[in-house]
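Taking it in order: structure first as structure tokens, then the write-up.
So you know, we letter chains A, B, ... as the sequences are listed, proteins then strands, and number each from 1.
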2 protein chains.
Amino acid sequence: MRIVKAAEERRNEILDAADELFGQKGFDGTSTNDILLKVGIARGTLYHHFKSKEDMIDALIERYSVRLLGSAQDIAANKSIPVVERIVRVVMALNLNGRSSMEIMEHIHKPQNALMHQKIQRVIINGITPILTGIIREGIEQELFSTPFPYECMEMIVTYANTVFDDDMVPMTDEERTSRMQAFVFNAERLLGAESGSLMHVMQMFGSQQA
Amino acid sequence: MRIVKAAEERRNEILDAADELFGQKGFDGTSTNDILLKVGIARGTLYHHFKSKEDMIDALIERYSVRLLGSAQDIAANKSIPVVERIVRVVMALNLNGRSSMEIMEHIHKPQNALMHQKIQRVIINGITPILTGIIREGIEQELFSTPFPYECMEMIVTYANTVFDDDMVPMTDEERTSRMQAFVFNAERLLGAESGSLMHVMQMFGSQQA
DNA sequence: TTTTGACCGACCGACTGCCTGTCGGTTTAA
DNA sequence: TTAAACCGACAGGCAGTCGGTCGGTCAAAA
């Protein structure tokens, strides 16, 4: 008995299954067979909807980034929230976004997922930096910050945080992590030309989020 | 006619072949068959010397890192060179090191090489940062720099430079690249607490190296 | 209004070719 | 003689292909 569905519905079913399986077993560790069995379709159907396995990964990342950047953008646009607090909220939105993105992130750091990880990193660096830079510019107008290079400045901060705190790039004990947080806030203040201690709220965010 | 060689010699032959092929066709794009044909050995021989394909990548990276960090370390230890110039030289040593590492780097940014790339990134960040931090500490003693967090500071600089300038993480035109260099130097000065303009030499290095 | 049939795209699954890793056996040098 | 370097057939699994099937839709005919 053949079940016919609208292309987009089927596509999403496949992406949902792939999402879960990639998270559990990694990209390389998940075979197209695993996916089509989970969805309950035939090989040909899968390749009717996706050009290749990598095409699926790209579609998946597109879904993530829309959710991720969308919610970040919403918060960034809310000018009623003070600048520093808004930055904190934007960053938080990245890490505990949709229901599943927590789980995704937990598994994305496995070595098998290097390709996927790289692609997500690209989305984050190039997607979040402009959003945060907008807020920074407000902060500059309010004389909270002072830098001739707000974009490059944020790019550096985002890149570093994303590499060192979110990846397994640098192996750290809990203590090392804490001291790195302190250094990070200190360095961010210097980069942004902010008054010393004015970003300490950020510290609390990282602390609570980690639990 | 069977040719028997010392294990280490054979191992290096295999690594040399893998090195070249990975560079040309990427890690995933290179089959073990390609490698053993190039070396002129049988499948069993290859797996006699290496546990798996990933084992080969790890051995390859080990070779790189010994060369890379070794030469960097040598330069860093040479206290007769002024601090700022020594930093420049260490960084240069990374990019135009052995004969082949130029070629390696050219090909390492292909999407197929994500895993290898990630592993190299890890080696660089965790290997170069302590070396450069040593020099920075000298600079602090000489009151060229001033920061309570020299290690984390350099980690940030190294991570950013390696991600944005060496990867294809951020697509850039030549002009964007130049402006990012200026911003980078400016930001590095702020992070290190250096006098404004004191790191401008670094700029020249990046400029000449790019040609 | 109802029926017919052409059409399109969702769907199927056997098949191809390639790939990694294994294993029992063979050769060589010490 | 013995250890280790070497061999190549083989197993199992994988991504992607392809010719063909089936079901929903829509317009024209009854």
Side-chain angles (χ1 to χ4, degrees), chain A residues 1-61 110-116 118-119, chain B residues 1-61 110-116 118-119:
Chain A
M1 45 165 192
R2 156 187 299 210
I3 300 165
V4 175
K5 299 191 178 177
E8 187 161 351
E9 187 183 349
R10 189 63 94 190
R11 246 182 93 91
N12 270 317
E13 278 183 22
I14 295 171
L15 287 180
D16 289 340
D19 191 346
E20 194 173 331
L21 289 171
F22 287 167
Q24 285 168 13
K25 321 199 316 185
F27 180 67
D28 285 349
T30 303
S31 70
T32 51
N33 231 20
D34 294 337
I35 296 168
L36 58 93
L37 283 177
K38 180 161 186 129
V39 181
I41 55 172
R43 291 196 74 64
T45 307
L46 195 143
Y47 280 89
H48 175 70
H49 291 283
F50 294 95
K51 183 170 132 284
S52 67
K53 205 180 164 188
E54 189 168 352
D55 191 30
M56 290 178 49
I57 220 185
D58 288 338
L60 217 40
I61 287 176
K110 292 176 184 168
Q112 313 138 341
N113 295 13
L115 178 63
M116 189 152 188
Q118 198 180 66
K119 290 182 184 236
Chain B
M1 47 165 191
R2 157 187 298 211
I3 299 165
V4 176
K5 299 191 178 178
E8 186 160 349
E9 187 183 351
R10 188 65 92 189
R11 246 182 93 92
N12 271 318
E13 277 183 22
I14 295 171
L15 287 180
D16 288 339
D19 190 345
E20 193 173 333
L21 289 171
F22 287 167
Q24 286 168 13
K25 320 198 321 186
F27 179 67
D28 285 350
T30 302
S31 70
T32 51
N33 232 16
D34 294 336
I35 297 168
L36 57 92
L37 282 177
K38 181 161 185 129
V39 180
I41 54 173
R43 290 197 74 65
T45 306
L46 194 145
Y47 280 89
H48 174 71
H49 291 283
F50 294 95
K51 185 169 130 282
S52 68
K53 204 180 164 187
E54 188 169 353
D55 190 30
M56 288 179 47
I57 218 184
D58 288 338
L60 216 40
I61 288 175
K110 292 175 184 166
Q112 312 138 342
N113 295 13
L115 177 62
M116 190 153 185
Q118 197 180 66
K119 290 184 184 234

TODO: Taking only the side-chain heavy atoms of B/Arg43 (C-beta and beyond), determine which of D/dA9, C/dC11, C/dG13 contains the nearest atom.
DONE: D/dA9
Task: A/His49 side-chain proximity, nearest of C/dC11, D/dA15, D/dG8 - done: C/dC11
How many whole angstroms separate atom [atom1] of [X] from atom [atom2] of [N]?
X: A/Ile3; N: D/dT21; atom1: CD1; atom2: C1'; answer: 16 Å
X: A/Asp28; N: C/dT20; atom1: CG; atom2: P; answer: 12 Å
X: A/Lys51; N: D/dC18; atom1: NZ; atom2: P; answer: 15 Å
X: B/Lys53; N: C/dT22; atom1: NZ; atom2: P; answer: 15 Å
X: B/Leu21; N: C/dT20; atom1: CG; atom2: P; answer: 12 Å
X: A/Leu36; N: C/dA14; atom1: CG; atom2: C1'; answer: 13 Å
X: A/Asn33; N: D/dG16; atom1: CG; atom2: C1'; answer: 12 Å
X: A/Asp55; N: D/dG16; atom1: CG; atom2: C1'; answer: 13 Å

Open item on the list: Quick check against the 3.5 Å criterion: does B/Thr30 have a side-chain atom that pairs as donor or acceptor with the backbone of B/Gly26?
Closed with: yes
Please determine whether a side-chain nitrogen or oxygen atom of [X] lies at a distance below 4.0 Å from atom OP1 or OP2 of [N].
X: A/Thr45; N: C/dA10; result: no
X: B/His48; N: C/dC23; result: no
X: A/Thr32; N: D/dA15; result: yes
X: A/Tyr47; N: D/dT17; result: no
X: B/Arg10; N: D/dC6; result: yes

TODO: Return yes if a side-chain donor-acceptor contact under 3.5 Å exists between B/Asp34 and B/Ser31, otherwise no.
DONE: yes
Open item on the list: Show the nearest heavy-atom pair for residues B/Phe22 and B/Asn113, with the distance to one decimal.
Closed with: O-ND2, 3.7 Å
TODO: Would you please test A/Leu36 and A/Thr45 for side-chain contact (heavy atoms from CB on, under 4.5 Å) and show each step?
DONE: CA-CA 8 Å; A/Leu36 58 93; A/Thr45 307; over 6 Å; no
Open item on the list: Regarding B/Glu54 and B/Lys119, does a basic nitrogen lie under 4.0 Å from an acidic carboxylate oxygen?
Closed with: yes
